[in-house]
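In the text below, chain A, chain B and the rest are named by the order of the sequence lines, each starting its count at 1. Predicted model only: the values in this text are computed from it and were never measured.
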Amino acid sequence: MSALEIKGLSKVYSNGNVALHDVSLSVPKGSFFALLGPNGAGKSTLINILADTVLATGGSARLFDQDLFAERNWCKRQIGVVPQEVAFDPFFTPREVLAITSGLFGSKPDDAWIDHLLDRLELTAHVGKNTRQLSGGMRRRLLVAQALVHKPKLVILDEPTAGVDVELRRRLWGFMRELNAAGTTILLTTHYLDEAEELCDHVAIIDQGKVVTAQPMADLMQQVASSYLWMNYDKPLSLSEADTLALTDFKPRVSDTGVCLQLGKLENGQSTFHTAYEAAVARFGPPQDAGVRSEDLEDVFLRLTKKEIRERT
Amino acid sequence: MSTMNLRGCMTLFKREVHRFLKVKMQTIVTPALTAILYLLIFRYAMGERQVPGLDVDYFTFLVPGLAMMAMMQNAFANTSSSMIMGKVMGMNIYLLMAPLSALEVVVAFLAAAVVRATVVAVVFLSVLYPFVDISVMHLSIILLYGLCASIMMGGLGLIAGMWAKDFDNIAMVTNFVILPLTFLSGVFYSVKQLPEFWQQINNANPFFYLTDGFRYGFLGIGDTDPYASIMVVIGTSLLTIVSCWHLWRIGWRMKE
Ligand SMILES: Nc1ncnc2c1ncn2[C@@H]1O[C@H](COP(=O)(O)OP(=O)(O)OP(=O)(O)O)[C@@H](O)[C@H]1O
Ligand SMILES: [Mg+2]
């Protein structure tokens, strides 16, 4: 069963900006789901529609098999959202913020759970402070605690680790993993693609309000990610028409330092490495240095969102 | 499947009360003090003079009107400042995200506005109590008019807060609408003192009936018949609540 099933969701802002265009997504129950996309892709818009802070222009959504828009208040109790923007009531301390949020969600503050959250998010030392006195990273962690205080079944995090240092980020993800292992479905956006690749079992990439791909992470990496052969020459290369023709199977790209060829598999399953190497040597001569690199999620992301592939060589 | 979220409503109410209690110098002491200053100034300016047409001295006449003015202004300030602060600082999203019905939100905000207005009026009257003879002729009229005025002004504050984009917008409404209308609601004069034209203008000011009725509850005198206005006052309060409820439900100027 899906935790969340979105169908044909669209959003046009009042100024005419089309933020979402016919978005359909399915977030499996118990999954750790990465919603990725470049700045302005529409991730926050999607999340804010789920959170009921932005109105959808069209489409429908089901949450744990209930109509999200018809059963809003029931659905809100199942979701915990960490918004992208950090904002707190300056009149309250972290503990008060959590108690109030509990109350707004209709439950008596569970002190043991609040203590646990404060402890896991490393805020215990700061409970008595006014929220204004917290650092940026602390505030973001409080935001995470706030989203978890009513024990939601689906946790939605909009860039929860922006501005959080490496060490804490690791521990925060560790905590999310535990929650996920205990059955909580997690949907997150992040620009740390290596972290998404490591953590998430499902991924959707959206760009300019449209879904580019949505599938299990393993499938994406197996089917879409490819390997590259890079060959360094200590001079800039340029591709003549004949070069392009000869190397066309390998989608050649040249740079100041050399050439990069995309590898594939032959029908018998063998890599095209050998033919690619031979073909390049035939055109440019033996390289100074060469190697093979497999695409990671970041490369796939950049390729699918039509950005230049970053050369790491 | 939707159930009422009474705890949520109660939590929001307590949050709103807590918010003004945390800055009580500004939200309670200052308004009460301002009203007392007005009273002192008029006391010395007008001496023992009687209010024309009404069988009462000016000082006694002023007390209930000033209490009502403070209540109206503070009920408005409570909801409008909370809304605009939440909007500017980005905290209102937590209200939108919470499983609260529009009615629960509106009730919580208005109840807190009523509490603030009541606290301000009680503080003002208690400070004066040893010095002024405060009579209570019709307690039910006082309570009804006080409650309805706080609800109306709290509701207007909520609507103004939803409408406003920044603190400046709120200051504009406060200074150009709320202050003049409450100031000129017959707090400082009896309509009988006014020229004909200004009497007409005055009669068109909805707040005039609230102030006049409230004063009637204390002194048993006034320019209008508060019993005749009761249904209008109750009706207007309900209309305010319904308007707030509707606007919150559609997310007016709150949800993009
Ligand atoms: N309130 C708004 N009014 C008009 N347009 C908006 C509004 N909010 C967002 N947009 C536009 O909608 C598009 C999607 O924005 P959104 O914030 O959803 O992107 P995002 O994927 O979350 O980006 P980021 O990674 O930068 O957070 C952008 O083109 C943005 O300019
Ligand atoms: Mg965003």
Practice problem: For Gln133(A), look at atom CD and say whether over 12 heavy atoms of other residues, nucleotides or ligands are found less than 6.0 Å away. | Solution: yes
Quiz prompt | Leading residue by heavy atom contact count with chain A [cutoff under 4.5 Å; candidates Leu12(B), Asn5(B), Asn92(B), Val23(B)] | solution = Asn5(B)
Exercise. Report the C-alpha separation of Glu96(A) and Lys14(B) in whole Å, then their side-chain angles, then the decisive distance to 0.1 Å, and conclude whether the salt bridge (Lys or Arg N to Asp or Glu O under 4.0 Å) test is met.
Key: CA-CA 12 Å; Glu96(A) 287 170 330; Lys14(B) 283 193 200 151; over 6 Å; no
Self-check item: Within 6.0 angstrom of Met1(A) CE, more than 12 heavy atoms from elsewhere
Solution: yes
Quiz item: Got a second to check how far Met4(B)'s CE is from Asn73(A)'s CG, nearest 0.5 Å?
Solution: 12.0 Å
Self-check item: Residue pair Ile100(A) / His18(B), side-chain heavy-atom distance below 4.5 Å
Solution: no
Quiz item: Closest approach of Thr53(A) and Met97(B), non-hydrogen atoms and distance?
Solution: CG2-CG, 3.9 Å
Quiz prompt | Backbone N/O of Phe91(A) and side chain of Lys22(B): donor-acceptor pair under 3.5 Å | solution = yes
Quiz item: Side chain, backbone, both or neither: which part of Leu21(B) has an atom under 4.5 Å from a heavy atom of chain A?
Solution: neither
Exercise. With rounding to the nearest 0.5 Å, note down the distance linking CG in Leu96(B) to CG in Leu55(A).
Key: 9.5 Å
Quiz prompt | Short side-chain to backbone donor-acceptor contact, Asp89(A) and Met91(B), under 3.5 Å | solution = no
Practice problem: Name the member of Pro99(B), Ser101(B), Gly8(B), Ala98(B) that forms the most heavy-atom pairs with chain A at distances under 4.5 Å. | Solution: Pro99(B)
Quiz item: So, the side chain of Tyr94(B) versus the backbone of Ala87(A): is there a donor-acceptor pair under 3.5 Å, distance only?
Solution: yes
Quiz item: Is it the backbone or the side chain of Ser107(A) that comes under 4.5 Å from a heavy atom of chain B, or both, or neither?
Solution: backbone
Quiz item: Just wondering, more than 12 heavy atoms not from Lys165(B) lying within 6.0 Å of its NZ?
Solution: yes
Practice problem: Check whether Lys11(A) gets within reach of chain B through its side chain, its backbone, both or neither, counting any heavy atom under 4.5 Å. | Solution: side chain
Quiz item: So, for Phe88(A) and Met89(B), which heavy atoms are closest and what is the spacing to 0.1 Å?
Solution: O-CE, 4.0 Å
Quiz item: Just how far is it from atom CD1 of Ile93(B) to atom CD of Glu85(A), taken to the nearest 0.5 Å?
Solution: 8.0 Å
Quiz item: Can you find a pair of side-chain heavy atoms, one from Phe105(A) and one from Arg7(B), that are under 4.5 Å apart?
Solution: no
Self-check item: Structural part of Met10(B) lying under 4.5 Å from a heavy atom of chain A
Solution: neither
Practice problem: Please check if atom NZ in Lys255(B) has more than 12 non-hydrogen atoms from other residues, nucleotides or ligands closer than 6.0 Å. | Solution: yes
Self-check item: Proximal component of Tyr13(A), with respect to chain B [non-hydrogen, under 4.5 Å]
Solution: side chain
